[in-house]
Amino acid sequence: MIPYAHLLQLAMPEVIVVIVAIVALSADLLVLRNSLLRTRLLAAVSLATIGCIAAIFFITHSTGSVNLFDGMFVANPLIHIVQIALLVLTVFVLLLAVDSAFTENVGEFVLLILLATVGMMFLVASQNLLTSFISLELLSLPLYILTGFDKRDARSSEASLKYFLFGGMSAAFLLFGFSLLYGFANSTNFVEIAAAIHGPSLNPLVILAIVMTVIGLGFKVAAVPFHFWAPDVYETAPAPIAAFIASGSKVASFFVFFQIFSIAFAGSAGSAAWMHLVHGWVPVVAGVATLSMLLGNMVAIVQTSLRRLLAYSAIAHAGYMLIAVVAHTPDALAALLYYVITYSLGTIGAFGIIGVVEQATGSDKIADLQGLSKRSPTLSASLFVFVLSLAGLPPLAGFFGKFYLFVAALAATPGSSGLLWLVAFAIAMSAVSLFYYLRILKRVYGDSSPDAGPIQTSPLTLAMVVVLAALVVLFGCAPNLLLQPILNAIHALAA
Amino acid sequence: MLAWTIYISFLGALLQLLLPKGNATLARILALLTALAGLAIAATAFATQRTGELITVANYAWIPSLGINFHLAADGISLCLIFLTGIVAVTGVLFSWNIDRRTNEFFAFYLLLIGCVYGVFLSYDLFLLFVFYEIVIIPKYFLITGWGSTRKDYGAMKLALYSFIGSAMVLVGLIAAYVVAGGKSMALNDLANYAFSPHFQMWEFPLVFVGFAILAGLWPFHTWAPTGHVAAPTAASMLLAGVVMKLGAYGCLRVAMTLFPHGLDPWGFSLLGLSSWRDVFALLAVIGIVYGALVAMVQKDFKFVIGYSSVSHMGFILLGLMTLNQIGISGAVIQMFSHGILAGLLFATVGRMVYDRTHTRELARLGPMNLNKALPFAAATFVVAGMAGMGLPGFSGFVAELMIVLGAWRAFPIFAVFVGVGIVIGVVYVWRAMQKAFFAEPGDVPTEEPLPPITIPERLGAIILISTSVAIGLYPQMLLKIITPALNSPLFDGVRKGGWQ
């Protein structure tokens with residue numbers, strides 16, 4: 001029996017975030033009702049940022065590993081690192097929201113973002129089917145609402161409804177899969193489930209559970225063929241919210257994807273090695289990854305809207321990241337975390353720039369980026385960094401992420417060529433992606449029309465975008481800064 | 001010290017972006033100073049190198065958990081090519097003196113390109129080499145789309161995509177080799193010493209070789225080169241054809257052949273008369289030589305003639321590499337140097353001296369302009385460059401092609417005959433272009449203003465390039481005395497133990 005006070009202390013970071021969310025909401029509703037929108041945003045975001053930083057502080061000062069209630073609440077250095085990353089990404093999203101004007105409901109906005117963050121923090125701390133599902137819902141429901149937060153935009157509401165319907169459906173699939181697992185293993189704890197699924201042949205129940213879980217989690221990470229919500233949501237959600245959906249929730253979802261399959265389904269992995277296919281979840285995920293890379297890159301070529309292009313590129317990147325799940329080794333987990341964290345930083349920066357450009361030009365078409373380098377050199381240089389990082393060009397973080405990912409995937413099956421086909425396909429698709437990324441930059445650095453004036457960006461947004469670009473360059477040139485802590489945490493787990 | 005060639009170029013590129021926007025002169029002077037600094041360092045290292053030693057310039061742990069180090073070193077081959085880069089960089093700046101639109105951005109991309117090229121030639125860690133090799137794609141793309149001419153968007157994208165696909169193939173090969181060797185180290189020496197299984201080498205070698213050779217203009221993957229070089233502005237063409245294509249050839253030699261020498265062994269069976277990857281690539285190289293020359297012979301656009309001649313000359317380099325004997329490979333390295341200089345000179349003449357003044361590159365329209373009277377310096381330069389390009393003794397091209405033909409005769413006598421045919425066709429296309437552009441019948445051109453004279457920076461650039469070619473042509477030992485010990489170094493043990501003749 002664990003005293004409640006001790007439990008509160010262990011969950012102090014999450015508690016802080018919840019308290020701050022309520023405080024921000026109250027402050028906005030009770031005190032600041034009649035202030036300017038910008039003041040309210042500043043106040044709410046400052047409170048939220050302080051809360052997140054306090055939570056980070058608490059996480060860094062908590063020691064030791066904990067595993068409570070059959071894996072419902074787990075704490076160890078690796079989970080701490082992921083939670084810190086999530087909180088940092090949330091802080092960036094909130095700071096970039098200060099200059100936006102998409103809603104009057106500031107308090108609710110901050111509350112929903114922070115509640116989603118709490119959901120993410122609990123999600124990565126869970127090794128139990130029940131808490132995983134509940135946290136996933138706690139993460140997803142605010143996101144559905146947030147997508148439609150701009151009440152003046154009909155397309156935003158349409159995307160929100162699509163997201164909600166898709167999400168609800170995949171949650172149903174996920175729950176069904178989880179219930180089958182429970183029925184099979186008589187436990188909701190990952191490790192105990194793994195113990196129950198063993199033996200050479202796959203039980204039909206387990207096969208069903210694998211497929212259902214892939215559907216449920218595949219929706220969350222926008223993998224093909226569960227990706228249909230992504231283009232609409234990315235295109236019409238307000239920029240800070242699209243940034244949040246594209247960053248933090250990806251980190252948490254991929255982490256839990258990896259954890260569920262590598263821990264709970266450990267016995268039924270199978271293999272996707274070339275010519276040596278073995279039934280299990282690995283070939284299924286490999287198939288999903290291949291389709292995602294193929295469709296994401298091919299359809300991105302014909303996009304005219306920058307946001308929709310980013311959505312399809314997100315689908316393609318989900319494909320790359322799923323290769324790490326296919327490999328399911330500790331090195332692959334490190335590669336996945338490095339990749340998804342640096343990808344999220346770049347995406348937040350890109351959406352920050354999109355927000356500024358949309359406010360200035362009123363359009364998100366790639367053609368309207370023409371001559372951006374003359375109108376705002378700093379924003380263009382940052383967009384240059386983000387886009388090339390997405391394309392996987394050195395010396396940026398995206399390149400090292402891909403490199404390390406492919407190394408980990410090839411090293412997963414030592415001695416055989418195993419996943420070489422998947423890696424080669426990923427590299428080929430990466431080459432395809434260079435086409436549409438360069439097209440964006442060609443517009444940005446092309447000649448501008450003479451009557452286009454300079455784009456004014458607020459100092460805070462500009463500073464945030466530059467910081468994010470600097471981080472992408474830093475983590476690309478000195479990957480150890482991010483990689484070493486992750487590797488240390490993973491090795492501490494194994495020890 | 002040599003690492004400063006890289007750092008100074010990057011620093012120069014950064015400073016260019018901080019310069020005030022309208023001031024072209026400041027940008028040009030900064031670019032020239034940066035390029036001269038790089039050349040000075042390269043020349044000093046070239047002159048003071050004692051034969052046979054490998055100069056380790058820097059070796060810092062970068063990502064220890066993966067065994068990746070920031071390892072820069074230079075042997076004789078690297079020094080030759082670094083010296084080439086320095087010369088072409090300086091002359092490129094001189095020939096770009098007339099760029100007046102967004103000059104600082106032009107030179108920023110230019111210096112970034114130069115810095116990365118220095119980086120590739122100096123890298124002794126394969127990850128670092130790949131990083132520099134990939135970064136090069138970006139300035140290439142922007143130089144062409146920003147300041148190019150004919151079909152620049154198409155040319156730039158084609159060039160970027162072909163280069164990226166080539167590097168993608170190299171990346172697959174490198175990662176596979178790294179993982180198979182235990183994932184401990186990416187150092188060139190370590191991977192070269194690792195005994196990969198012959199079966200592994202048999203498919204790795206063509207993968208990595210073709211990956212690099214795409215950038216070197218191997219037939220039939222060469223089609224990006226004429227389009228891209230014609231679309232590029234003059235200085236970019238000089239760099240692209242002169243130096244960047246040599247990155248591919250350098251990669252073939254430094255990476256593909258040293259890491260996977262058994263990939264060149266006979267397969268055991270014979271297909272259409274070919275019995276090893278060596279035969280295949282030698283055949284493709286010879287086809288490139290002859291095909292490039294034949295196509296250059298029928299071009300209507302002056303710059304396309306030079307573009308296809310680059311493909312033809314690069315074929316010489318690849319053939320030289322496949323001969324697997326001392327004279328052939330040394331000849332290939334000298335051809336890398338020589339063609340770098342001569343391609344620069346030819347593109348400079350056609351692009352800067354002629355096109356920027358006449359605003360046309362069509363041979364039919366250039367003829368009546370009586371350019372040998374209007375631009376005598378340009379005509380003289382083209383005659384000299386053309387003669388050098390076709391292999392006239394006294395210039396570097398002769399030495400290089402002679403050595404390659406000798407090497408080819410020892411290795412593949414039949415191919416050597418076709419190389420001879422290629423050389424003859426080379427004479428034809430150079431003379432045809434020269435005659436049509438400069439020495440045709442003066443027609444009735446409506447009276448226009450006389451063409452502006454050749455400026456001092458152009459004369460300076462041309463003289464530098466011609467004198468370099470003559471110097472090497474008359475005293476090739478200058479290069480050979482550092483190339484030969486490099487080829488005899490332990491790094492090339494695997495290559496020498498193979499089918500060395």
Side-chain angles (χ1 to χ4, degrees), chain A residues 331 334 373-374 377 381 384 388 391-396 399-400 402-415 417-420 423-439 441-447 476-481 483-484 486-488 491, chain B residues 17-18 21 61-68 70 101-102 105 109 116 119 127-138 140-142 144-146 152-153 156-180 182-183 186 200 203 207 211:
Chain A
D331 266 338
S373 63
K374 192 136 178 267
F384 185 82
L388 290 181
L393 270 145
L396 303 170
F399 168 70
F400 185 77
K402 284 204 172 109
F403 174 80
Y404 191 43
L405 190 79
F406 297 147
V407 166
L410 278 183
T413 49
S417 64
L419 294 172
L420 183 63
V423 168
F425 186 73
I427 296 180
M429 288 293 109
S430 215
V432 170
S433 74
L434 186 68
F435 173 70
Y436 53 82
Y437 288 128
L438 278 182
R439 245 186 2 191
L441 294 179
K442 183 182 67 167
R443 290 271 181 198
V444 169
Y445 280 92
D447 288 324
C477 294
N480 248 0
L481 290 176
L483 193 58
Q484 204 56 49
I486 298 176
L487 281 174
N488 290 343
H491 292 317
Chain B
L17 292 173
L18 301 173
K21 279 230 185 292
W62 185 7
I63 309 170
S65 48
L66 291 176
I68 295 176
F70 188 81
R101 191 178 62 83
R102 296 169 77 176
E105 290 177 32
F109 282 124
C116 292
F127 181 81
L128 185 62
L129 190 147
F130 189 79
V131 164
F132 282 127
Y133 193 75
E134 278 266 275
I135 304 180
V136 163
I137 297 178
I138 295 306
K140 283 197 293 197
Y141 180 77
F142 283 103
I144 300 180
T145 46
K152 55 185 172 135
D153 290 330
M157 188 59 86
K158 191 168 185 182
L159 185 142
L161 286 179
Y162 267 82
S163 308
F164 200 75
I165 292 173
S167 354
M169 293 171 73
V170 169
L171 184 64
V172 175
L174 279 185
I175 295 182
Y178 171 70
V179 168
V180 165
M186 266 283 197
F200 182 75
W203 67 261
L207 181 70

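As the structure is a prediction and not an experimental result, all values here were calculated from the model. Letters A, B, ... are given to chains in the order of the sequence lines, protein chains preceding strands, and every chain is numbered from 1.
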Engineer: Do you know which of A:Leu441, A:Val432, A:Val423 has the most heavy-atom pairs under 4.5 Å to chain B?
Structural biologist: A:Leu441
Engineer: B:Lys152 side chain to B:Ile144 main-chain N or O, any donor-acceptor pair under 3.5 Å?
Structural biologist: no
Engineer: Hey, what's the ring geometry for B:Phe142 with A:Phe384, parallel, tilted or perpendicular (30° and 60° as the breaks)?
Structural biologist: tilted
Engineer: Relative to chain A, which segment of B:Phe127 carries a heavy atom at a distance below 4.5 Å: side chain, backbone, both, or neither?
Structural biologist: side chain
Engineer: Hey, does B:Val172 have a side-chain heavy atom less than 4.5 Å from the side chain of A:Leu420?
Structural biologist: yes
Engineer: Check A:Phe403, A:Phe399, A:Phe400 against B:Phe130 for a ring pair (Phe, Tyr, Trp, His ring centres under 6.0 Å) and give me the one that passes.
Structural biologist: A:Phe399
Engineer: Can you tell me which portion of A:Ala391 sits under 4.5 Å from chain B's heavy atoms? Options are side chain, backbone, both or neither.
Structural biologist: backbone
Engineer: When only pairs under 4.5 Å are counted, which of B:Leu174, B:Asp153, B:Ile165, B:Ile68 shares the most heavy-atom pairs with chain A?
Structural biologist: B:Asp153
Engineer: Looking at side-chain heavy atoms only, is the closest gap between B:Tyr141 and B:Met157 below 4.5 Å?
Structural biologist: yes
Engineer: Where does A:Ile427 contact chain B at under 4.5 Å (heavy atoms): side chain, backbone, both or neither?
Structural biologist: both
Engineer: Heavy-atom pairs under 4.5 Å with chain B are the metric here; pick the option from A:Leu434, A:Leu388, A:Leu438 that has the most.
Structural biologist: A:Leu438
Engineer: Does any heavy atom of chain A fall under 4.5 Å from the side chain of B:Ile138, the backbone, both, or neither of them?
Structural biologist: side chain
Engineer: Tell me which of these, B:Glu105, B:Arg102, B:Lys21, has more heavy-atom pairs under 4.5 Å with chain A than the rest.
Structural biologist: B:Arg102
Engineer: Within a strict 4.5 Å, meaning less than it, do heavy atoms of the B:Tyr178 and B:Leu66 side chains meet?
Structural biologist: yes
